[in-house]
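Data block below; observations after.
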Amino acid sequence: MSTPDELTLIGDDSDLYTGKAASVALVGDGTKTLDVLSGGAAGDKSGAGFYIISSKAPSGSIFPTGMPVGSMYPALGSELMAVGDTCKKLNLTKRGDVSDWSLDISRSKIETTLLKHKFKKYRYGKKDASGKMSSIFTMGITDQADGHIGQTMTLFTRSGNTVTVTVPEDESIYLLGYVRKGAIAGEFDDYVFAQINLSNVSLGGKSGSAQSYDSEFSLTGEDPIFYSVEIPAA
């Protein structure tokens with residue numbers, strides 16, 4: 001089995017999603033896995049995906065210490081939720097590929113120096129994060145009403161004699177930003193998963209090249225988490 005420090009991190013295409021949390025929370029009873037609670041059968045992986053933690057059992061919770069209520073938990077589907085564990089599945093729809101992304105994290109500092117101090121003193125404030133990404137324009141995905149472009153500008157579509165005009169809607173957008181994507185069981189997927197808002201969008205075209213759709217983004221929702229997840233055996 002590979003371990004993270006044995007592998008060179010090589011970037012892979014990342015993904016952009018829109019998503020909504022399920023309206024009904026799944027409630028742990030100590031006997032059913034997430035696969036079963038999601039409406040599938042044990043072991044069919046129908047319960048795999050991201051879940052927003054609604055509550056944690058006082059003991060025996062599947063949700064680890066350090067992940068508070070509201071965090072996004074990547075489940076395999078085989079987890080057995082304890083009594084007191086509740087969560088809502090995040091239903092994601094892919095809206096495009098991201099070929100290049102970056103996330104810049106900074107932290108403000110406040111000077112607290114007094115006259116008696118010989119050196120300046122500081123106290124750190126809140127962290128801030130913003131980023132940039134380049135998405136590959138994919139016909140039939142990027143240019144759809146619920147695609148990447150539809151999040152920022154009005155779309156006009158004519159197909160035959162049918163004309164459709166769609167205005168942007170405020171829908172939650174999620175970035176699955178890979179640092180490394182594993183290929184086989186035992187390797188690790190390393191990525192940042194975060195809810196974002198798009199801004200400062202740049203759209204253009206270049207002859208003979210894949211067309212990109214670039215934008216800046218800022219974080220919204222819960223704080224981002226860096227995930228390192230081993231790929232399980234089939």
Side-chain angles (χ1 to χ4, degrees), residues 1-4 7 12-98 141 144 146-147 169-196 219-234:
M1 183 182 70
S2 299
T3 57
L7 300 171
D12 291 274
D13 282 347
S14 301
D15 303 314
L16 195 68
Y17 296 89
T18 54
K20 293 182 179 178
S23 57
V24 179
L26 301 182
V27 180
D29 62 4
T31 63
K32 299 184 182 69
T33 64
L34 280 171
D35 286 338
V36 176
L37 291 173
S38 297
D44 66 2
K45 299 183 180 180
S46 59
F50 278 96
Y51 289 80
I52 300 174
I53 302 172
S54 301
S55 66
K56 300 173 67 173
S59 62
S61 175
I62 66 166
F63 305 120
T65 302
M67 293 194 82
V69 169
S71 298
M72 292 179 285
Y73 178 79
L76 299 173
S78 57
E79 293 88 346
L80 191 67
M81 288 209 301
V83 175
D85 281 340
T86 62
C87 60
K88 291 185 177 182
K89 189 168 188 178
L90 186 58
N91 297 312
L92 298 170
T93 303
K94 186 175 179 179
R95 299 306 183 195
D97 295 321
V98 177
I141 297 179
Q144 295 304 294
D146 50 5
E169 296 184 0
D170 290 328
E171 190 171 6
S172 297
I173 302 173
Y174 295 87
L175 171 66
L176 180 59
Y178 281 99
V179 175
R180 186 186 191 280
K181 188 183 294 186
I184 59 175
E187 292 187 348
F188 284 76
D189 287 334
D190 291 290
Y191 57 87
V192 171
F193 186 69
Q195 186 177 355
I196 62 174
L219 300 180
T220 186
E222 294 298 317
D223 292 340
I225 296 176
F226 186 93
Y227 299 85
S228 185
V229 180
E230 184 180 1
I231 300 175

If I compare all heavy atoms of [X] with all of [Y], which pair ends up nearest, and what's the gap?
X: A185; Y: A233; answer: CB-CA, 3.7 Å
X: S14; Y: L176; answer: CB-O, 3.0 Å
X: G40; Y: S46; answer: CA-OG, 3.4 Å
X: G60; Y: A82; answer: O-CB, 3.4 Å
X: S228; Y: D190; answer: OG-OD1, 2.7 Å

Hey, are the side chains of [X] and [Y] touching, using non-hydrogen atoms and a 4.5 Å cut-off?
X: I196; Y: L219; result: yes
X: D97; Y: L16; result: no
X: I53; Y: P68; result: no

- Message: Less than 6.0 angstrom separating the ring centers of F50 and Y227, yes or no?
- Response: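 Between F50 and Y227, the centre distance is under 6.0 Å.
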For [X], which residues count as a side-chain contact (heavy atoms from CB on, under 4.5 Å) partner, sequence neighbours excluded?
X: Q195; result: S172, Y174, T220
X: S61; result: K56, A57, F63, D85
X: A22; result: N91
X: D189; result: Y178, K181, Y191, I231

From [atom1] ([X]) to [atom2] ([Y]), nearest 0.5 Å:
X: L34; Y: K89; atom1: CG; atom2: NZ; value: 8.5 Å
X: D15; Y: L92; atom1: CG; atom2: CG; value: 10.0 Å
X: K20; Y: I52; atom1: NZ; atom2: CD1; value: 13.0 Å

Atom pairs and distances, side-chain donor-acceptor, residues 73-81, under 3.5 Å, sequence neighbours left out:
residue : atom : partner : partner atom : Å
E79     : OE1  : L76     : N            : 3.2
E79     : OE1  : G77     : N            : 2.8
E79     : OE2  : L76     : N            : 2.8

- Message: Ignoring hydrogens and geometry beyond distance, is a side-chain donor-acceptor pair present between T93 and T18 at under 3.5 Å?
- Response: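 No donor-acceptor contact under 3.5 Å links the two side chains.
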- Message: Atom NZ of residue position K32 - does it have more than 12 heavy atoms of other residues, nucleotides or ligands inside 6.0 Å?
- Response: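 It does not: K32 NZ has 12 such atoms or fewer within range.
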- Mind checking salt bridge (Lys or Arg N to Asp or Glu O under 4.0 Å) for D35 and listing every partner two or more places apart, or none if nothing turns up?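 With neighbours one apart ignored, the set is empty.
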- Query: Who passes salt bridge (Lys or Arg N to Asp or Glu O under 4.0 Å) against D44, sequence neighbours left out?
  - Reply: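 None.
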- Task: Applying ring pair (Phe, Tyr, Trp, His ring centres under 6.0 Å), name anything that partners Y51, two or more places apart in sequence or on another chain.
- Result: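 With sequence neighbours excluded, Y51 shows a ring pair (Phe, Tyr, Trp, His ring centres under 6.0 Å) to no residue whatsoever.
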- Considering residues at least two apart in sequence or located in another chain, which fulfil the side chain to side chain donor-acceptor pair (under 3.5 Å) criterion with S71?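 Side chain to side chain donor-acceptor pair (under 3.5 Å) list for S71, sorted by chain: empty.
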- Partners meeting side chain to side chain donor-acceptor pair (under 3.5 Å) with T31 (sequence neighbours left out):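 For T31, the residues satisfying side chain to side chain donor-acceptor pair (under 3.5 Å) (neighbours in sequence not counted) are D29.
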